[in-house]
Protein chains: 2
Amino acid sequence: MSQRKTTIREVASRAGVSLGTASNVFNGKAGVGAESRQRVLEAAEALGFRPNSLAAGLRRQRTRTIGLVVPDVLNIVFNELVEHLENIALSQSYEVIIVTSREDPEREHERVRALLSRRVDGLVIVPTRDWSATEREMRHHRIPVVVLDRVAAHDHFPSVAVDNAAATRLGTEHLLGLGHRDLAFVINSTRLWNSAARVEGFLAAMRAAGLEKRARVLLPGMTEEETRAGVLPVLTAANRPTAVFTGSNVATLGVLRAVQDAGMAIPQDLSLLAFDDFAWLTVLRPFVSAIRQPTEALAGHAWRILTAAFEAPDRPAEHIRLPAPLIARETTAAPPGKVKAPRRMKAFKDTVDGALP
Amino acid sequence: MSQRKTTIREVASRAGVSLGTASNVFNGKAGVGAESRQRVLEAAEALGFRPNSLAAGLRRQRTRTIGLVVPDVLNIVFNELVEHLENIALSQSYEVIIVTSREDPEREHERVRALLSRRVDGLVIVPTRDWSATEREMRHHRIPVVVLDRVAAHDHFPSVAVDNAAATRLGTEHLLGLGHRDLAFVINSTRLWNSAARVEGFLAAMRAAGLEKRARVLLPGMTEEETRAGVLPVLTAANRPTAVFTGSNVATLGVLRAVQDAGMAIPQDLSLLAFDDFAWLTVLRPFVSAIRQPTEALAGHAWRILTAAFEAPDRPAEHIRLPAPLIARETTAAPPGKVKAPRRMKAFKDTVDGALP
DNA sequence: ATGAAAGCGCTAACAC
DNA sequence: GTGTTAGCGCTTTCAT
């Protein structure tokens, strides 16, 4: 190999036109004779010409490429976001370059710098816990940015996410309505702003029910294994919760493993409600009740805001919050105590002891 | 924004050195005075300099970037491949640009052209059913390519995959050993060469057991929904199989839905063996027996071969086939007939009628 | 050890 | 409608 690639110059000379004319053909510019155009196209075909987008981007100072930073490619939520964003982008003849931070602020920063070096026109980022360095870099470079999913209360950049607090409030009320009183909310970290909002929604609902004392928030760590290990003891304790609400996919996976280890049955011994829904939750038993994020709509807003910023860079930051519906399936049911001693519908007043005999 | 980005020239002049010296600093070239180096670094920091990799790539004629073409970002197998490949690449200070074909040969071709325009140094591709156009393009451009996962019997390019036929032979023997005689193998399409190999392994094992008449191969389509719709009637027919072996994730998902629709219980009514294993299969009930692809090893080989081709482009194509282990869990058990009329261990000789009463 | 200069392949501005 | 030309920002000889 290493045989030099065909350049537009060679195409032009083969077609017997000037370099500029050939360029105009490939860029669909008006003012090229039908015959010349035809000859250029033929020459390009014959020579196997592939325009060098490095050169074009360098010259044009725009790449029609956006960067997308996600923490992880193994998380289905991010996959869906990637999928939708890429589809929208392609439909507008933009491309997206995906990089992953692996929940590591340093790697995130480094990956963003790589994107900046590639001169992407804009950036969509799902940030890590501590992305201040990354954020500073982006601000410094004055590149259009949209923060997706893991938003803060007051992001400097425009942001789009689900209304996390409302979503967990909804979920908690569902559990409460089923008769649960001892609830645990399991999430990886509250350093993520959206996680904090999820916790907040959970707590708010518990508070409204006068149950704040019975509300437990577990923060076992960022991985599935840490979650399993951290949750297991509370599941096997005498005063264990009767329902667990997980704040993310990895939390759900970890809790499920802990439940396995504890030899418990869902929903007989324990109810489970998951944040983030996807296909496998609906096909293996028990079907998991979940809160579904509208990933396509999220991606759509992110794209809209980003491209608007291409036109008008200095418009005020828009902040979108979408509702996330709850889908009740098989894992959320009445607590075990309920069966033995049916409650008398005192609406959130008294208690049913969820502890096992 | 639109404020011009800092260039290496500005950095150099601020540091009081020539452009070339600054360049040498950023590329870690020897022969730069410690003092100059220091000044350049400071200037770069102060100015927020980000080297323009478009310009560098254009000049250098190499981008230290590889392209990765996958059919889909929602399939966990491809996600794992992406994850591992990206990690290896980054550790060698290469980057990877991921594009998706969505199982569409035209989109695949178009995406590969985009990658070519970006002047990636090499390509790893998980091809679609009919990638002849794509393949021709790649050959024409004489760029190093490795075919991953969806390999053919005799690929022109080096290839790495699991030994598909051996894997399904293994799986089929497992089912046979459990006492099943009426087996169905469900896969999306045999136009994928690796799928063809999977079918072949299944058939070979059935033939070896003298059961070729009882072997059924179902090709319901590329989507989960098509699979569900196509499989449901055969599951509810009088002469239904007692075990289903699915050849891919989407087939598994579709079959699971069909099983749901049919109101059947796994493994009591039907055994299920899946090709491709992952976390959720091990955490919701029943735990699904599966054949696991060693994705990390696959990615490792792909990378090794690709980078070897950077050094020696004309070496003969290497073809790697790795074994894929079977992990027996809860979904594979003895067929229902077995309970009523235990077989007398005539080793694959006679039959147990798997049809339900 | 450092500087000057050529040029990677392309687009856009301008001339004809 | 078409051709010419000047860079885009960088790396890489080649002098010094």
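Throughout, protein chains are lettered first and strands after them, A, B, ... in sequence-line order, and every chain is numbered starting at 1.
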Problem - Exceeds 12 heavy-atom contacts within 6.0 angstrom, atom CD of A:Glu296 - result: no
Exercise for the section: Nearest-nucleotide wise, let me know which of B:Arg37 and A:Thr7 is further upstream toward the 5' end of DNA chain C. Expected result: B:Arg37
Handout entry: Polar side chain donor-acceptor pair, A:Arg37 to A:Thr21, under 3.5 angstrom
Key = no
Practice task
Decide, yes or no, whether a salt bridge links B:Arg150 with B:Glu103 under the criterion of side-chain N to carboxylate O below 4.0 Å.
Solution key: yes
Practice task
Decide, yes or no, whether a salt bridge links B:Glu86 with A:Arg107 under the criterion of side-chain N to carboxylate O below 4.0 Å.
Solution key: yes
Exercise for the section: Assign each of A:Arg9 and A:Ala30 to its nearest nucleotide of DNA chain D by heavy atoms, then name whichever residue's nucleotide is nearer the 5' end. Expected result: A:Ala30
Practice task
Sort and list the pairs that fulfil side-chain hydrogen bond (donor to acceptor under 3.5 Å, both in side chains) and have at least one residue in residues 46-57 of chain B, not counting sequence neighbours.
Solution key: none
Problem - Touch class at under 4.0 angstrom, heavy-atom based, for A:Ser23 against every strand present - result: base
Practice task
On DNA chain D, reading 5' to 3', which nucleotide is the first and which the last to sit with an atom under 4.0 Å from a heavy atom of chain A, could you check?
Solution key: D:dG1 to D:dG9
Handout entry: Residue closer to the 5' end of DNA chain C, B:Leu19 versus B:Val32 (nearest nucleotide)
Key = B:Val32
Handout entry: Any donor-acceptor pair under 3.5 Å from B:Arg119 side chain to B:Leu116 backbone
Key = yes
Exercise for the section: May I ask you to decide whether A:Arg14 forms a salt bridge with A:Glu42, counting only side-chain N to carboxylate O separations under 4.0 Å? Expected result: no
Practice task
Assign A:Asn27 to base, sugar-phosphate, or nothing according to its heavy-atom contacts below 4.0 angstrom with the strands shown.
Solution key: sugar-phosphate
Exercise for the section: Take B:Leu148 and B:Val160 through the side-chain contact (heavy atoms from CB on, under 4.5 Å) test and state the conclusion after the steps. Expected result: CA-CA 5 Å; B:Leu148 185 57; B:Val160 3; 3.7 Å; yes
Problem - Between the first and last five pairs of the helix from C:dA1-D:dT16 to C:dC16-D:dG1, the angle of the axes, rounded to 10 degrees - result: 40°
Exercise for the section: Output yes when A:Arg102 and B:Glu83 qualify as a salt bridge under the 4.0 Å nitrogen-oxygen rule, no when they do not. Expected result: yes
Handout entry: A:Phe157 and A:Trp131 aromatic ring geometry - parallel, tilted or perpendicular at 30°/60° bounds
Key = tilted
Problem - Span of DNA chain C in contact with chain B (heavy atoms, under 4.0 Å) - result: C:dA1 to C:dG9
Practice task
Scan B:Gly33 against the nucleic acid and name what it touches under 4.0 Å (heavy atoms): base, sugar-phosphate only, or nothing.
Solution key: sugar-phosphate
Practice task
Would you jot down, in residue-number order, the residues of residues 45-65 of chain B having a non-hydrogen atom under 4.0 Å from DNA chain C?
Solution key: B:Leu58, B:Arg59, B:Gln61
Exercise for the section: Would you check if there is a donor-acceptor pair between the side chains of B:His109 and B:Thr134 at a distance under 3.5 Å? Expected result: no
Exercise for the section: Look at atom CD of B:Gln61 and say whether more than 12 heavy atoms of other residues, nucleotides or ligands are closer to it than 6.0 Å. Expected result: yes
Handout entry: ring pair (Phe, Tyr, Trp, His ring centres under 6.0 Å) pairs, two or more places apart, involving residues 40-87 of chain A
Key = A:Phe26-A:Phe49
